[in-house]
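Below: one structure, written as structure tokens.
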Number of protein chains: 4
Amino acid sequence: MEGFKMEQKKKSKQELRSEETKRSIAEAAGKLFTERGYDTVTMREIAKEANCSHTTIYLYFKDKEALLEQLAIPPLQTLEAAFVSVMNQESLDPTGKLKEISRDFLRFCLSHRSMVTVIFNVKSVRVDEVNPTGEVNQLRTSLFSYLTESVNRIIPADTSEERINQTRIYFFVMNGMVSTYLNSEEPLEPLLERIIPLLDQSIEIVLLGMKHKLEQAQEPVNGQAKGQKDKEKSKKDKKQKDKQK
Amino acid sequence: MEGFKMEQKKKSKQELRSEETKRSIAEAAGKLFTERGYDTVTMREIAKEANCSHTTIYLYFKDKEALLEQLAIPPLQTLEAAFVSVMNQESLDPTGKLKEISRDFLRFCLSHRSMVTVIFNVKSVRVDEVNPTGEVNQLRTSLFSYLTESVNRIIPADTSEERINQTRIYFFVMNGMVSTYLNSEEPLEPLLERIIPLLDQSIEIVLLGMKHKLEQAQEPVNGQAKGQKDKEKSKKDKKQKDKQK
Amino acid sequence: MEGFKMEQKKKSKQELRSEETKRSIAEAAGKLFTERGYDTVTMREIAKEANCSHTTIYLYFKDKEALLEQLAIPPLQTLEAAFVSVMNQESLDPTGKLKEISRDFLRFCLSHRSMVTVIFNVKSVRVDEVNPTGEVNQLRTSLFSYLTESVNRIIPADTSEERINQTRIYFFVMNGMVSTYLNSEEPLEPLLERIIPLLDQSIEIVLLGMKHKLEQAQEPVNGQAKGQKDKEKSKKDKKQKDKQK
Amino acid sequence: MEGFKMEQKKKSKQELRSEETKRSIAEAAGKLFTERGYDTVTMREIAKEANCSHTTIYLYFKDKEALLEQLAIPPLQTLEAAFVSVMNQESLDPTGKLKEISRDFLRFCLSHRSMVTVIFNVKSVRVDEVNPTGEVNQLRTSLFSYLTESVNRIIPADTSEERINQTRIYFFVMNGMVSTYLNSEEPLEPLLERIIPLLDQSIEIVLLGMKHKLEQAQEPVNGQAKGQKDKEKSKKDKKQKDKQK
DNA sequence: GATGAATGAGCCTTCATTCAT
DNA sequence: AATGAATGAAGGCTCATTCAT
């Protein structure tokens with residue numbers, strides 16, 4: 001009141017109100033994006049949900065895209081923190097850690113359905129804009145490196161290439177689960193309850209498969225047969241390609 | 001009767017022109033849909049790409065949706081034919097068949113990227129329109145049943161639930177691969193060359209994993225340890241949930 | 001065949017075919033215009049109904065408007081002929097003639113519903129085009145003069161102005177009946193059966209009213225009272241005008 | 001409580017601007033609809049006439065149809081109020097009342113020319129939409145019932161059918177006048193000045209005619225001659241019908 | 001800080017009409 | 001004579017965004 005600012009410490013009424021507005025917009029946008037997807041939701045709808053004018057949104061967010069982006073950062077940070085926390089949990093073995101962060105990751109993706117598309121799609125990494133999603137990109141990279149690292153710690157692969165491929169397969173499973181259930185209309189919690197066991201099982205199977213695959217590889221007798229099959233098929237691929245068009 | 005003419009043989013210039021136009025529209029639409037998605041692409045853009053007026057498109061396709069559908073049907077039919085052909089190929093064992101149709105499927109998805117979203121997404125199965133994509137739906141169902149059946153023939157699962165779950169895991173991998181490379185900017189052929197081995201490997205690993213998982217299940221000693229870990233984690237899940245919102 | 005033309009007399013096959021096409025277009029257009037109105041009907045619909053290409057229409061009619069116009073001429077001519085025939089029918093007294101041509105007129109209007117709008121609307125007399133509907137206008141004028149004349153022969157009005165006004169009233173009734181039933185969905189014949197007695201009655205009433213009105217006018221005592229009422233009302237008119245806006 | 005403010009009194013500049021815009025849109029639409037009809041006028045034209053963007057129109061009116069409807073309601077209400085006021089005017093005898101509301105009605109129709117088509121045409125009563133013009137329909141019904149009732153009070157008809165027919169004839173005259181002058185390019189006021197006497201005269205004549213018609217009916221001697229004439233004519237009707245097609 | 005007013009770009013679609021065969 | 005191919009103009013409408021208060 002009497003010209004005596006607490007520099008950052010105490011926020012003025014206006015500042016508080018401002019933050020509240022921004023928060024309510026973000027919340028509304030998050031809710032609607034999640035429910036109905038980015039494209040389908042209009043700025044006016046967000047405003048209505050946030051109980052403010054649609055023009056107010058532009059006070060806090062440059063445009064619709066920026067809104068989405070900003071919306072993504074906090075959850076991503078939370079997720080990253082969760083990852084770190086798991087990695088530091090000494091009571092868990094590497095497999096346990098992998099399962100745990102995989103669960104966190106799945107939960108995150110299905111909790112922020114619409115954002116996933118934007119966050120993890122190639123689109124947001126388009127090169128035609130200079131660092132379009134700087135912080136988002138950083139976070140994403142960080143998250144993926146946790147996952148990658150976590151997989152790599154488990155698999156005793158000999159060559160780097162083998163390791164990379166195996167990591168990829170792990171990602172296929174994760175990506176596949178997310179894609180599969182991204183558009184599900186089932187409410188989040190029951191859905192997760194249902195599919196987290198599936199996730200665990202999948203990870204177990206994949207890890208088990210990788211392990212035995214590596215053992216096989218050390219017994220060249222089996223490996224050869226496989227190689228032949230592949231060659232047969234690649235011929236057929238060529239033909240197939242011409243037909244489809 | 002007399003001199004029976006093959007009237008169908010020679011097409012008039014006009015017919016040729018017409019076909020060429022239709023083809024070029026379909027091509028343009030396919031390209032743009034693939035590159036940028038159904039919703040984003042406008043009829044005028046398609047027309048420009050096809051070097052015709054946007055009204056011309058309506059000469060050949062009822063509306064935008066019909067355009068997409070017509071674009072999707074022939075490739076889907078080709079793919080189905082390929083599936084059938086593989087299934088009838090006696091020289092292949094069940095695993096060989098699964099790998100083969102998986103390759104076909106992957107190739108198809110990446111050759112018709114954008115359509116994949118529309119064809120395989122839940123959205124296109126909306127029930128609020130009368131038979132909106134009748135034929136497309138049928139084809140899709142058929143394709144999936146081939147894949148499912150093909151997986152089921154390999155896995156010696158005891159219970160039906162186990163079988164279903166394992167099929168799901170297979171689909172996660174497939175879905176994951178498709179999702180992962182759907183937006184890749186790499187040209188199709190090199191891309192496929194690169195990832196088909198990965199697909200084969202993934203299938204092998206998953207099948208191998210499933211096999212050993214089943215064996216494990218019959219040795220309850222190992223199963224117990226795992227059970228404990230799971231319980232620890234599910235506690236953490238609850239907390240996590242509250243933070244994210 | 002042998003280079004021996006009958007000048008106009010015998011029509012070549014082509015000419016016959018051509019006439020048939022034109023006729024079938026006109027018929028189709030007439031039918032559709034009548035059923036659904038000028039604006040709603042498209043050239044392609046007319047073509048489909050006429051079993052020809054929509055471009056063919058342009059061979060015979062400059063454009064859609066011309067089509068409508070040409071469509072109007074023959075029925076108008078028929079109607080005019082009917083008028084003439086009635087006027088020459090010696091067995092009918094003036095009132096009988098008026099009733100008769102009024103019936104013909106009503107029947108015509110309701111048989112060619114959609115055209116009526118174009119034929120009798122002020123629009124088609126727009127001054128911004130040079131003689132836009134030459135022949136149609138002529139016919140129309142002729143028809144109206146028959147009606148006018150027919151009314152005038154009955155009424156023993158003293159002044160020309162009185163006569164004109166009385167003619168107008170007759171036209172209001174006619175116009176009113178046509179307007180009222182123009183959009184009726186009742187089939188033509190039952191409709192006419194139903195309303196022609198009404199037409200007769202209306203004419204009788206109007207003629208009767210005119211007759212007695214004239215008689216009244218020759219007894220100034222009553223006329224005065226009327227004049228007063230009118231003045232009262234015209235004051236109110238002024239106020240009313242300002243409110244509505 | 002304290003100093004109770006008449007908040008409604010002073011409108012902010014913005015509110016004023018908004019109202020002005022809405023008004024100018026309504027005015028423009030009214031003018032254009034009147035001049036050229038509902039279908040022919042485009043939203044963009046209205047916008048241009050109202051000096052605003054066509055999108056602005058959608059700020060104030062849901063769509064084109066709503067625009068028309070909103071345009072129609074206030075004048076109809078005014079007209080209804082005028083009817084009520086006349087009916088309560090004790091100084092007027094039934095005939096005076098009929099004349100008065102007829103004048104109001106005519107004035108209304110010619111003041112809102114284009115809307116008349118939409119408001120009073122059968123088309124706008126289509127049942128295939130749920131209460132499309134609810135209030136408009138109600139008002140219209142109310143207006144007509146005032147007119148009907150007003151006519152019925154004057155005519156001493158014996159049977160209900162006679163009464164109905166006579167009411168119809170009255171409506172033909174009204175409808176005919178409106179139709180006749182609906183498209184007149186003459187400015188409203190001079191036009192009304194010119195034709196309101198005509199309206200009065202018409203009503204007088206029709207009422208007079210009806211009165212004497214009824215008297216005639218009670219003297220069967222005259223009635224017979226008329227009956228004969230009618231029969232002659234109905235024969236000719238049949239022939240006429242076949243020619244016109 | 002917040003908002004209502006206003007807009008331009010753009011979307012899908014239809015139609016009368018012309019062009020080339 | 002007749003037609004299929006093709007098109008420009010236009011229509012109603014929505015949306016993200018800016019302007020001025």
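Computed from a predicted model, the values in this text were never measured in an experiment.
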The answer to which of S18(D) and E45(B) contacts DNA chain E further toward the 5' end, by nearest nucleotide, is S18(D)
Identify which nucleotide among dT7(E), dA6(F), dA2(E) has an atom closest to any side-chain atom of Y60(A), counting heavy atoms from C-beta outward.
-> dA2(E)
Take atom CG of L67(D) and atom P of dC13(F), then tell me their distance rounded to the nearest Å.
-> 10 Å
Within less than 4.0 Å of OP1 or OP2 of dT3(E), is there a side-chain N or O belonging to T56(A)?
-> yes
Taking atom C1' of dA2(F) as reference, at what distance in whole Å does atom CD1 of I25(C) sit?
-> 10 Å
Produce a footprint string for nucleotides 14-21 of chain F: one letter per nucleotide, 5' end first; B if the base is under 4.0 Å from any protein heavy atom, S if only the sugar-phosphate is, - if neither.
-> BBBBB--S
How would you list, by chain and number, every residue that makes a side-chain hydrogen bond (donor to acceptor under 3.5 Å, both in side chains) with S24(D), sequence neighbours excluded?
-> none
Go through the structure and list residues passing side-chain hydrogen bond (donor to acceptor under 3.5 Å, both in side chains) with T42(B), not counting sequence neighbours.
-> none
For Q70(B), which residues count as a side-chain hydrogen bond (donor to acceptor under 3.5 Å, both in side chains) partner, sequence neighbours excluded?
-> none
Nearest-Å distance for atom pair CZ/P, residues F61(B) and dC12(E) = 15 Å
Between L68(A) and F61(A), is any pair of side-chain heavy atoms under 4.5 Å apart?
-> no
For L59(A) and dT3(E), what is the distance between atoms CG and P respectively, to the nearest whole Å?
-> 9 Å
Does any non-hydrogen side-chain atom of Y38(A) lie less than 4.5 Å from one of E65(A)?
-> yes
Take atom CD1 of I46(C) and atom P of dA16(E), then tell me their distance rounded to the nearest Å.
-> 8 Å
Expressed in angstrom and rounded to an integer, what is the separation of E15(D) atom CD from dT3(E) atom C1'?
-> 12 Å
Name all residues meeting the side-chain hydrogen bond (donor to acceptor under 3.5 Å, both in side chains) criterion together with K31(D); count only those two or more places apart in sequence or in a different chain, and write none if there are none.
-> E49(D)
Point-to-point distance, once rounded to the nearest 0.5 Å, from CG of L32(B) to CE of M43(B) = 11.5 Å
Using atom CD1 of I57(B) as one end and atom C1' of dG8(F) as the other, report the distance to the nearest whole Å.
-> 15 Å
Just to confirm, is there a sub-4.0 Å distance from OP1 or OP2 of dA6(F) to any side-chain nitrogen or oxygen of S53(B)?
-> no
Using a 3.5 Å cut-off on both pairing distances, which stems of three or more Watson-Crick or G-U pairs include DNA chain E?
-> E:2-21 with F:2-21
K48(A) with E45(A): basic N within carboxylate O range, under 4.0 Å | no
Is any side-chain heavy atom of I46(D) less than 4.5 Å from a side-chain heavy atom of L67(D)?
-> yes
Atom CG of L16(A) and atom P of dG1(E): how far apart are they, to the nearest Å?
-> 13 Å
